[in-house]
Engineer: 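Input: one structure, supplied below.
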Protein chains: 2
Amino acid sequence: MLKYDEVATKMEAQIIADGLTQGDKLPKLTELMAKYAVSKSTIVKALAKLEQRGLIYQIQGSGVFVRRPKLDEHINLINNNGFTADMVKHKMTAKVLSLKKIAPPKDMIKYFNGDVKEVYEVKRIRYLDDQILCLEESYFKTSVVPFLNEQIAQGSIFNYVRELGIAIGFSDKYLNVIELSKKEAKLLELPEKAPALTIEETYYLTSGEAFDHSKTTYHFKNAKFFIQSTT
Amino acid sequence: MLKYDEVATKMEAQIIADGLTQGDKLPKLTELMAKYAVSKSTIVKALAKLEQRGLIYQIQGSGVFVRRPKLDEHINLINNNGFTADMVKHKMTAKVLSLKKIAPPKDMIKYFNGDVKEVYEVKRIRYLDDQILCLEESYFKTSVVPFLNEQIAQGSIFNYVRELGIAIGFSDKYLNVIELSKKEAKLLELPEKAPALTIEETYYLTSGEAFDHSKTTYHFKNAKFFIQSTT
DNA sequence: AAGTGGTCTAGACCACGCG
DNA sequence: GCGTGGTCTAGACCACTTT
């Protein structure tokens with residue numbers, strides 16, 4: 001475990017334990033250095049992590065303050081967690097519509113930079129607290145994810161992938177608003193031409209290799225999103 | 001000018017000048033240290049900045065590589081502005097529907113944490129390359145932005161605010177998908193009940209004080225969005 | 001084993017904010 | 001002007017990747 005990560009985790013726990021809210025001030029750097037018994041740079045780096053996560057903001061010459069917006073049921077679009085980790089309080093389930101090992105469709109070859117021979121194609125309906133959340137069509141390289149079955153796909157595929165020891169790095173997401181087709185509408189239990197947000201995303205390993213591409217169509221009444229921007 | 005910012009800017013310019021694309025490798029750290037005549041830590045910090053902006057990714061023990069997805073006309077929801085060159089191509093204009101100095105509406109008091117006596121209310125239709133992009137209703141604290149007029153509102157209010165020397169810090173954004181009301185539809189030149197993405201956002205100064213709250217309703221055919229997540 | 005990036009430290013100095 | 005956070009450095013050591 002990295003020292004600054006450890007310190008960041010402890011600080012976050014402390015903030016929650018102390019019940020700090022928007023605008024509350026953290027101890028000064030020298031106190032934090034003493035408390036966690038690390039050098040100034042490590043504290044600075046830990047604070048930078050928390051700032052990036054949107055938990056605090058820092059003002060030079062003044063102090064470090066807590067940032068805590070209301071999050072409710074909003075899906076955080078920045079966490080690379082495929083939202084399962086984010087929604088701890090909520091129950092995420094999925095109904096698997098189909099799961100096959102196939103040769104990659106033409107457009108997948110583009111997303112995977114040509115470097116792909118075989119993929120798992122998974123189509124699911126995902127539920128948040130028993131409400132229909134979204135329709136998802138995803139493709140995983142079998143060279144990275146060698147095995148998948150329906151039982152795994154009923155839970156969080158990303159959690160499963162992480163448990164395999166696969167290190168997920170960064171992602172690109174493209175958002176569009178559309179009118180639902182008849183088929184999509186039926187699956188989401190909405191009328192035809194109802195509005196929907198689609199998010200098309202490519203996930204990369206920490207090595208920079210693309211391994212997952214998916215297109216998700218969200219139920220416009222049950223899905224709300226949140227983005228925290230930092231400086 | 002901060003050293004690591006300066007180095008980051010120069011590196012970005014170099015990447016563009018060299019025409020590097022996805023997966024291309026940057027020189028090793030020792031070479032970068034020599035080239036920019038700074039210490040290792042400064043190079044590391046500059047690279048961290050570029051990584052956060054989604055321009056590169058780093059692999060321990062291997063190297064630093066360029067990350068360059070296709071951005072087209074997508075609006076970047078994080079403010080990373082990727083490659084500065086990509087943003088220059090487009091023309092942003094606005095038609096001002098109304099601009100008034102008023103007492104803050106009830107819900108604004110909540111967004112501004114009660115700390116507000118008077119606001120500018122601005123309603124605009126914004127255009128991207130002469131296409132209708134969105135409908136925007138925004139509120140600025142007059143204690144922070146003491147003056148606004150129609151001419152300023154026809155351009156970028158944020159650029160104007162920055163030119164006043166006001167330091168914009170972070171923001172919270174909430175996204176929802178809706179069906180357009182008759183009134184909204186007319187302004188966006190779309191049929192009633194057409195789909196739309198709304199983004200409700202609060203902007204804060206670097207001091208942590210909220211100074212702007214706005215609700216934007218995007219034209220579902222003309223607006224596309226992009227998010228780059230990093231590790 | 002060699003090479004390359006990542007972490008961590010102590011300490012000097014800088015820049016902002018507040019009284 | 002004092003206190004606080006931010007930058008920057010040199011160097012030791014660690015961890016991962018490549019050969």
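Numbers restart at 1 for each chain; the letters A, B, ... are given by sequence-line order, proteins then strands.
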Engineer: Assess whether a salt bridge exists between B/Arg67 and A/Asp172, defined as any Lys/Arg side-chain N lying under 4.0 Å from an Asp/Glu carboxylate O.
Structural biologist: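 Judged by the 4.0 Å cut-off on N to carboxylate O distance, B/Arg67 and A/Asp172 do form a salt bridge.
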Engineer: Give the nucleotide from the list C/dA10, C/dG5, D/dC8 with an atom nearest to the side chain of B/Lys3.
Structural biologist: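 My answer, after comparing the listed nucleotides, is D/dC8.
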Engineer: In sequence, state the C-alpha distance, the side-chain angles, and the governing distance for B/Glu137 and B/Lys215, and then conclude on salt bridge (charged side-chain N to carboxylate O under 4.0 Å, His left out).
Structural biologist: CA-CA 5 Å; B/Glu137 188 176 314; B/Lys215 187 171 174 181; over 6 Å; no
Engineer: Relative to the 5' end of DNA chain C, which residue comes earlier, B/Gly63 or A/Met1, by the nucleotide with the nearest heavy atom?
Structural biologist: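 Result of the comparison: B/Gly63.
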Engineer: In whole angstrom, give the distance that lies between atom CD1 of A/Ile43 and atom C1' of D/dG5.
Structural biologist: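 Checked: the CD1 to C1' distance equals 13 Å.
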Engineer: Could you check how far CG of B/Leu50 sits from P of C/dG5, rounded to whole Å?
Structural biologist: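 Nearest whole value for this atom pair: 15 Å.
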Engineer: Taking NZ from A/Lys45 and P from D/dT7, how many angstroms apart are they, rounded to a whole number?
Structural biologist: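 Spelled out: NZ on A/Lys45 to P on D/dT7 is 13 Å.
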Engineer: Polar atoms only, N or O, under 3.5 Å: list the protein pairs with nucleotides 17-19 of chain C and their distances.
Structural biologist:
| residue | atom | partner | partner atom | Å |
| --- | --- | --- | --- | --- |
| C/dC18 | OP1 | A/Ser62 | OG | 3.4 |

Engineer: In whole angstroms, how far is the P atom of D/dT7 from the CG atom of A/Leu29?
Structural biologist: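 So the two atoms are 12 Å apart, to the nearest Å.
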Engineer: Measure centre to centre between the rings of A/Phe112 and A/Tyr139, then say whether the value is under 6.0 Å.
Structural biologist: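 Distance test on ring centres: not under 6.0 Å, no.
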Engineer: Write down the distance between CZ (A/Phe65) and C1' (D/dG5), rounded to a whole number of angstrom.
Structural biologist: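 So the CZ-C1' distance, A/Phe65 to D/dG5, works out to 11 Å.
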Engineer: Using atom CG of A/Leu2 as one end and atom C1' of D/dC14 as the other, report the distance to the nearest whole Å.
Structural biologist: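 Interatomic distance, CG of A/Leu2 to C1' of D/dC14: 10 Å.
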Engineer: Within the 4.0 Å heavy-atom criterion, would you say A/Lys40 contacts the bases, only the backbone, or no part of the nucleic acid?
Structural biologist: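 Base, at least one base atom sits under 4.0 Å.
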Engineer: When A/Tyr203 is tested against each of A/Phe170, A/Tyr111, A/Phe158, A/Phe140 for ring-ring contact (aromatic ring centres under 6.0 Å, His included), which residue passes?
Structural biologist: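 So, applying the ring-ring contact (aromatic ring centres under 6.0 Å, His included) to A/Tyr203 and each of A/Phe170, A/Tyr111, A/Phe158, A/Phe140, only A/Phe158 qualifies.
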Engineer: Write down the distance between CG (B/Leu205) and P (C/dC16), rounded to a whole number of angstrom.
Structural biologist: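 After rounding, the gap between these two atoms is 16 Å.
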Engineer: Run the salt-bridge test on B/Asp24 and B/Arg68 with the 4.0 Å N-O cut-off and return the result as yes or no.
Structural biologist: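 No, no charged N to carboxylate O under 4.0 Å.
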Engineer: Distance check needed: C/dG6 C1' versus B/Lys28 NZ, whole Å only.
Structural biologist: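 Distance, rounded to whole Å: 17 Å.
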Engineer: Please pick, from D/dT9, C/dG5, C/dT9, the nucleotide with the shortest atom-to-atom distance to any side-chain atom of B/Gln58.
Structural biologist: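 Closest nucleotide among those given: C/dG5.
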Engineer: With respect to the phosphate group of C/dT7, does any side-chain polar atom (N or O) of A/Tyr4 fall under 4.0 Å of OP1 or OP2?
Structural biologist: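 Looking at the OP1 and OP2 atoms of C/dT7, one of them is under 4.0 Å from a side-chain N or O of A/Tyr4.
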Engineer: Please report the closest heavy-atom contact between B/Ala46 and B/Met11, naming both atoms and the distance.
Structural biologist: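 That closest heavy-atom pairing would be CB-SD, 4.4 Å.
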Engineer: Would you give the length of the straight line joining atom CD of A/Gln58 to atom OG1 of B/Thr206, rounded to the nearest 0.5 angstrom?
Structural biologist: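 Taking CD in A/Gln58 and OG1 in B/Thr206, the distance rounds to 12.5 Å.
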